[in-house]
Amino acid sequence: MRRGIYLLEEVDFRPMNSRRPMEYLTWLTRYKREDQSRREPSLTEGMSIRSREIDLVGAFYAVGITGHPQFKAVTLWDCHGGWDGGWRQMMEIYQGVDDRLFLSDIDDLRFSAFSRPLGAAPGSPALSDLVAEGYGAEFYLFESACVRPGTALDYLEAVRAERAPILADHGHRLVGLYEVLFCDTEAVTVWGMSLDAHLAAQRAHDAALGLDDEAEADDRLPGWRERARDFLEGPWRETVLSPFPGSKLALDAERART
């Protein structure tokens with residue numbers, strides 16, 4: 001089985017206008033739904049490449065109070081077929097710098113965009129499997145970890161073997177374990193969770209530190225933080241993402257009621 005290749009993009013909007021992320025995510029999810037019926041990829045005017053192999057799996061509004069810049073969108077793309085599939089199609093649009101490469105349909109809507117190419121680590125769920133299952137969550141926990149050079153896969157294996165069972169006990173489901181490609185110092189993880197699970201995990205961590213005497217402590221939570229420092233060499237941060245309605249990892253209305 002070939003390695004899963006994904007793309008994570010963070011989009012910033014300035015001047016600060018709260019409607020711009022909504023306009024962007026609405027535009028993006030709408031046209032990517034249309035792409036599901038395409039048989040062949042094509043380079044278009046205004047919307048760059050249109051392809052079902054470049055699959056918008058996650059479209060999120062960043063929860064600013066958890067440490068994101070305010071009014072930010074995050075997208076997670078599945079390159080079906082890996083390097084020779086969706087990734088190749090994305091690279092081909094840069095050949096010759098064709099005029100159609102540029103997203104003129106959203107000129108002046110975005111201020112900046114930063115992309116991370118991601119390679120699935122061993123044990124990482126396939127996003128296509130989650131989509132086929134119909135999985136969705138109220139929120140997603142997004143981790144970016146700066147690790148010692150060359151240790152990203154080692155860190156992610158420790159997350160899979162040691163941290164994932166702990167978070168599973170607190171209602172968090174592993175969505176992705178990713179090595180950031182074309183560098184050797186960053187790893188990304190993604191977890192699905194409910195609001196209640198998020199709050200309970202935070203309180204269990206506080207209780208383990210002696211900061212909450214009304215919740216049940218779980219010493220494994222701060223214990224993992226100490227274990228993670230065996231690999232970390234720079235900034236580590238977790239923030240929360242809210243799935244945009246209509247995106248594939250969103251919790252639909254029917255499931256939200258059950």
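Values below: all heavy atoms of this structure, side chains included; hydrogens, waters and symmetry mates excluded.
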Evaluate R116 against Y178 for side chain to side chain contact (heavy atoms under 4.5 Å, CB included), listing each step before the verdict. CA-CA 10 Å; R116 289 182 181 89; Y178 304 123; over 6 Å; no

Before giving the answer on side chain to side chain contact (heavy atoms under 4.5 Å, CB included), spell out for W236 and R225 the whole-Å C-alpha distance, their side-chain angles and the decisive distance to 0.1 Å. CA-CA 10 Å; W236 171 92; R225 296 279 181 91; 3.5 Å; yes

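Annotation: R237, atom CZ; neighbour count of heavy atoms from other residues, nucleotides and ligands within 6.0 Å does not exceed 12.
When all heavy atoms of I54 and W77 are compared, the closest pair comes out as CG2-CE3, 3.8 Å. Scanning all heavy atoms of the two residues, the minimum distance from A217 to A208 falls at CB-N, 3.6 Å. Shown here for P125 and Y6, the closest heavy-atom pair between the two residues is O-OH, 4.2 Å. Of all heavy-atom pairs between S124 and V175, the closest is OG-O, 4.5 Å. What you find for F244 and S247 is that their closest heavy atoms are O-OG, 2.7 Å. Heavy atoms only, all atoms of each residue included: L25 and A59 are closest at CD2-CB, 4.0 Å.
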Under 3.5 Å, side-chain donor or acceptor atoms of residues 157-169 against the rest of the protein: list the pairs with distances, not counting sequence neighbours.
| from | atom 1 | to | atom 2 | distance (Å) |
| --- | --- | --- | --- | --- |
| E157 | OE1 | R160 | NE | 3.0 |
| E157 | OE2 | R160 | NE | 3.4 |
| E157 | OE2 | R160 | NH2 | 2.6 |
| E162 | OE1 | R227 | NE | 2.9 |
| E162 | OE2 | R227 | NE | 3.3 |
| E162 | OE2 | R227 | NH2 | 3.0 |
| R163 | NH1 | E238 | OE2 | 2.8 |
| R163 | NH2 | E238 | OE2 | 2.8 |
| D169 | OD2 | R220 | NH1 | 3.1 |
| D169 | OD2 | R220 | NH2 | 3.0 |

Check residues 187-203 and write down every donor-acceptor pair under 3.5 Å in which the side-chain atom is one partner and the other belongs to a residue at least two apart or another chain.
| from | atom 1 | to | atom 2 | distance (Å) |
| --- | --- | --- | --- | --- |
| T189 | OG1 | E143 | OE1 | 2.5 |
| T189 | OG1 | W191 | NE1 | 2.9 |
| S194 | OG | A197 | N | 3.0 |
| R203 | NE | D212 | OD2 | 2.7 |
| R203 | NH2 | D212 | OD1 | 3.1 |
| R203 | NH2 | D212 | OD2 | 3.0 |

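Note on V147: it does not cluster hydrophobically with L8, by side-chain heavy-atom contacts below 4.5 Å among ILVMFWY residues. Hydrophobic clustering (side-chain heavy atoms under 4.5 Å, transitive across Ile, Leu, Val, Met, Phe, Trp, Tyr) groups W224 together with L232. Hydrophobic clustering (side-chain heavy atoms under 4.5 Å, transitive across Ile, Leu, Val, Met, Phe, Trp, Tyr) keeps L249 apart from V240. F139 and I65 fall within the same hydrophobic cluster, where Ile, Leu, Val, Met, Phe, Trp and Tyr residues are linked whenever their side-chain heavy atoms come under 4.5 Å apart, directly or through other members. Cluster membership check: F60 does not share its hydrophobic cluster with F114, using side-chain heavy-atom separations under 4.5 Å among Ile, Leu, Val, Met, Phe, Trp and Tyr.
Looking at I5 and L181, their side chains come closer than 4.5 Å, going by heavy atoms from C-beta outward. Side-chain contact between L118 and L76 is present, with heavy atoms from C-beta onward closer than 4.5 Å. Taking 4.5 Å as the limit, every side-chain heavy atom of H205 sits out of range of all side-chain heavy atoms of H170. With contacts defined as side-chain heavy-atom distances shorter than 4.5 Å, the pair V11/V74 does not qualify. Put simply, the side chain of L130 reaches to within 4.5 Å of the side chain of E133, judged on heavy atoms.
From H80, atom NE2 reaches atom CG of L127 across 8.5 Å, with rounding to the nearest 0.5 Å. Interatomic distance, L153 CG to L177 CG, rounded to the nearest 0.5 Å: 10.0 Å. In this structure, OG on S242 lies 10.0 Å from CG on L251, to the nearest 0.5 angstrom. To the nearest 0.5 Å, atoms CG (L28) and OG1 (T75) are separated by 6.5 Å. Rounding to the nearest 0.5 Å gives a distance of 12.5 Å between CG of D218 and CG of D206. The distance from atom CE of M22 to atom CZ of R19, rounded to the nearest 0.5 Å, is 3.5 Å.
For residues 61-73, the pairs satisfying side-chain hydrogen bond (donor to acceptor under 3.5 Å, both in side chains) are E10-K72, H68-T239, with sequence neighbours left out.
The aromatic rings of F231 and Y155 lie perpendicular to each other, with more than 60° between the two planes, well past the 30° mark.
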